[in-house]
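Here's the structure we're looking at; comments come further down.
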Amino acid sequence: MQKLKDEVSRLLAPRVSLEPAEVINLLEIPPEPNYGDLAFPCFSLAKIKKKAPPIIAEELYEELRNEEGLLWEKAVPRGPYLNFFIAPEAFSREVLQEIWTSGDKYGHYNLGKGQNVTIDYSSPNIAKPFGVGHIRSTVIGHSLYLIYRALGYNTIGINHLGDWGTQFGKLIVAYKSWGNESDLKEDPVNYLYKLYVQFHKLVEEKPDLDDEARYWFRKLENGDKEALDYWNRFRQLSMDNYELIYDLLGIEFEYYHGESHYNQMLDEVIELVQKKGIARESEGALMIDLEPHGLPPVMLRKKDGATLYITRDLAAAIYRYETFKFARSLYVVGAEQTLHFQQLFKVLELLGFEWTSKCAHVPFGLIRFKEGRMSTREGKIILLEEVLNRSIEMAREIIEEKNPDLADKESAARAVGLGAVRFGDLSNDRIKNIEFDWEKALDFSGETAAYIQYSHARICSILRKSDKKVNVWDESAGSLLVTEEEITLVKTLALLPDKIFASAENYRPSILARYLIDVAREFNRFYHNCPVLDSEDNLKKDRLLLISSTRQVIANGLALLGIEAPDKM
RNA sequence: GCGCCCGUGGUGAAAGGGAUAUCACGCAGGCCUCCGGAGCCUGAAGUCGGGGUUCGAAUCCCUGCGGGCGCACCA
């Protein structure tokens, strides 16, 4: 598709006095295939040429009627658009050859060569269980990580663990006051969580507890041995639990730099802020007034001397830039923290860091229950582990029913079960809130990963059964693909690179996810109308090439969403 | 009180200011002697209300309504 756009834009550019790149930006895909395959809208020229768009389209058509394209065969004006129709044979061969030669690198580019992109994602809070709420950051962040890597960037995944803050004061108080060793050993994360919930329940009757918690957190910040011992222990126990989930999801991070990692840099940050003269003391606390910038004030240090979240985030941002000199720095964090990031970026700007513009908050809506918001404090939470396991279990049952002879049911169940949960999150616009619903989470029909995976497995099945193997590219390959289903499928396959770019540019894996649904749908239409194995030899060869290319596109796309594409299921 | 986000068929969603608003679930019908029916085909049903900007608005602006989130000692 890029090549077609290049060709068309080079042709049009001199005739409309625009740069080819500007023409490429204007080009659209028509809503209806019979209109054409690529459209040049003439609206923007109307003002310059002082003519109505349909007339411009008509004139361009007259100018081009004797031109011949490599990848297109005719240009037809339709109202204010000049529509180009691809030359099916040449276009198919071009697309299929590119997929053929690129293989599992089809859609990958070297755009970001030598550039670092840091991606802050997942970032659970220690001592709280890993709930379904955390899946969003984890899965969206990981997909962006994979997508940027595919575009040639050197991606750096950072798990910004919430391993510092007043909640540790709370935990220490709770554990010291009414906790016990044996329960902690029995089921660490859940027990710590129980303590946390109990603390919040009790604090309503005994407000003193809050003071006590703040006291212990301050001790922690001052390096108190006892406090540190508790902290270390709680942290490690939580980490062990998170590892299980990351293993299951196949996620690794370059760094587990939690908030605590930046402790030794906090004094420096505060000094810097003071030197810049943007902070002031207020009621014993240190704060930055952002009123002139239309934002609420930011507090860097409490009156008791303890630091806050944003102080550590400032340190982290600076550290990341100094360490990685990033081309982009992404924060995949819930939309409820939008204000926090506006403040963070504003302060960085005030500090004079010109790289602030390279930082971006990638927000997403929250997951809620039907009954309302999930509250960790109130103890209403569904464990992600439980969701994943139930999904795998459900997939296993369906496989047992539909494909009882399958050899490796376990890995297929994992691929399908985990894929369902991941896709459920990735396929919708991240900014919208999600209502968690067990039925929906475990539904494998319709626009789901299973639909895409199933299409992939079917293709694999046909390829296995074929006596012919597609193993060489020859000069006539793909030239017999002429039916509507075949051409449509080829055109769809040609879009993968565009979709990957768009996903990266907008930080929206959902663009890629929805595209894969289209690919699967077009494949299924083809499949129902065009026999592969029963075709005449040459046609069979071309159709095998087509489905093999389709398989490649599905596999490549799913991989960037962190979803497996099993050969059988 | 102030600020930000979201309102699309019964339900869940898609649509980088553009052509006849696209899918899925569910519903009503149809399709396996055929490469895997977790599939395919046909049908009914929709842009929250009111203003504006524009040649053109689901999309941008204002306003009302509904829902969500946030606003100095949590993260």
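We name chains A, B, ... by the order of the sequence lines, and we start the count at 1 in each one.
- When heavy atoms are screened at a 4.0 angstrom cut-off, Pro41(A) is found touching no nucleic acid atom at all.
- Arg430(A) comes within 4.0 angstrom of nothing in the nucleic acid, heavy atoms only.
- Comparing rG68(B), rC71(B), rC23(B) against the side chain of Arg521(A) picks out rC23(B) as the nearest.
- Counting non-hydrogen atoms under 4.0 angstrom, Pro80(A) reaches nothing in the nucleic acid.
- Within 6.0 Å of atom CD in Glu221(A), more than 12 heavy atoms from other residues, nucleotides or ligands are found, so the atom counts as buried in its surroundings.
- Nucleic acid contact class of Tyr451(A) (heavy atoms, under 4.0 Å, all strands): sugar-phosphate only.
- Separation of atoms CG (Leu27(A)) and NZ (Lys5(A)) is listed at 6.5 Å; rounding is to 0.5 Å.
- Residue Thr166(A) is classed as a sugar-phosphate contact, given heavy-atom separations below 4.0 Å to backbone atoms only.
- Across all strands shown, Glu259(A) has heavy atoms under 4.0 Å from sugar-phosphate atoms exclusively, and none from any base.
- Using C1' as the reference atom, rG56(B) and rG64(B) are 26 Å apart when rounded to the nearest Å.
- A parallel orientation is assigned to the rings of Phe341(A) and His361(A), their planes being inclined by less than 30° (bins at 30° and 60°).
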Polar-atom pairs under 3.5 Å, protein N or O versus N or O of nucleotides 53-57 of chain B: list them with distances, or write none.
none

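- Taking atom C1' on both rG50(B) and rA13(B), the two are 27 Å apart, rounded to the nearest angstrom.
- Base orientation of rC32(B): syn (glycosidic angle within 90° of 0).
- A cation-pi arrangement, defined by a distance under 6.0 Å to the six-membered ring centre and an angle within 45 degrees of its axis, is present between Arg458(A) and Tyr527(A).
- rC23(B) and rU47(B): their C1' atoms are spaced 15 Å apart (whole Å).
- At a threshold of 4.0 angstrom between heavy atoms, the contacts of Cys460(A) with the nucleic acid are absent.
- Of the candidates rA14(B), rG36(B), rC41(B), rC41(B) carries the atom nearest the Arg525(A) side chain, counting heavy atoms from C-beta on.
- Proximity of Arg458(A) to the phosphate of rG37(B): a side-chain N or O atom is located under 4.0 Å from OP1 or OP2.
- Classified by interplanar angle (parallel below 30°, tilted 30° to 60°, perpendicular above 60°), the ring pair Trp438(A)/Phe436(A) is perpendicular.
- Using cut-offs of 30° and 60° for the angle between ring planes, the Phe345(A) and Tyr331(A) rings count as tilted.
- Ala306(A) comes within contact range of no nucleotide atom at all, as no heavy-atom separation falls under 4.0 Å.
- In the set rC6(B), rC73(B), rA19(B), the nucleotide with an atom closest to the side chain of Lys432(A) is rC6(B).
- The shortest distance between the side-chain N/O atoms of Arg508(A) and the OP1/OP2 oxygens of rA15(B) is below 4.0 Å.
- Checking His528(A) against Asp534(A), the closest nucleotide of RNA chain B that is more toward the 5' end is the one next to Asp534(A).
- For the C1' atom pair drawn from rG1(B) and rU8(B), the interatomic distance equals 32 Å after rounding to whole Å.
- Annotated as anti: rA28(B), whose O4'-C1'-N torsion sits more than 90° from 0.
- Residue contacts for Ala502(A): at a heavy-atom cut-off of 4.0 Å it reaches no nucleic acid atom on any strand shown.
- When the side-chain nitrogen and oxygen atoms of Arg312(A) are compared with OP1 and OP2 of rA75(B), one or more of them lie within a distance under 4.0 Å.
- Put simply, Lys302(A) has a side-chain N or O that comes within less than 4.0 Å of OP1 or OP2 on rC74(B).
- Within the nucleic acid shown, Gly79(A) has no heavy atom closer than 4.0 Å to any nucleic acid atom.
- Contact check, Arg214(A) against rC74(B): a side-chain N or O comes under 4.0 Å of OP1 or OP2.
- For Pro30(A) and Gly162(A), each mapped to the nucleotide of RNA chain B holding its nearest heavy atom, the one lying further toward the 5' end belongs to Pro30(A).
- Contacts of Ile517(A) with the nucleic acid, taken as non-hydrogen atoms under 4.0 Å apart, are absent.
- Comparing the C1' positions of rG51(B) and rA57(B) gives an interatomic distance of 14 Å, to the nearest angstrom.
- Contact between the side-chain N/O atoms of Lys402(A) and the OP1/OP2 oxygens of rA38(B) is found at a separation under 4.0 Å.
- Taking both residues in full, the closest heavy atoms of Ile55(A) and Lys51(A) are given as CG2-CD, 4.4 Å, listed atom of the first, atom of the second, then distance.
- Tyr527(A) has a side-chain polar atom (N or O) that falls below the 4.0 Å cut-off from OP1 or OP2 of rG37(B).
- Here Lys440(A) lies in heavy-atom contact (under 4.0 Å) with sugar-phosphate atoms only.
- Tyr35(A) carries Arg78(A) over the face of its six-membered ring, with the cationic atom under 6.0 Å from the centre and within 45° of the normal.
- rG43(B) sits 15 Å from rA21(B) when the P atoms are compared, rounded to a whole Å.
- Annotation: rC2(B) and rG16(B) have their P atoms spaced 33 Å apart (nearest Å).
- In RNA chain B, the stems built from three or more successive Watson-Crick or G-U pairs (distances below 3.5 Å) are B:1-7 with B:65-71, B:10-13 with B:22-25, B:27-31 with B:39-43, B:48-52 with B:60-64.
- Atom C1' of rC6(B) sits at a distance of 35 Å from the matching atom of rU42(B), rounded to the whole Å.
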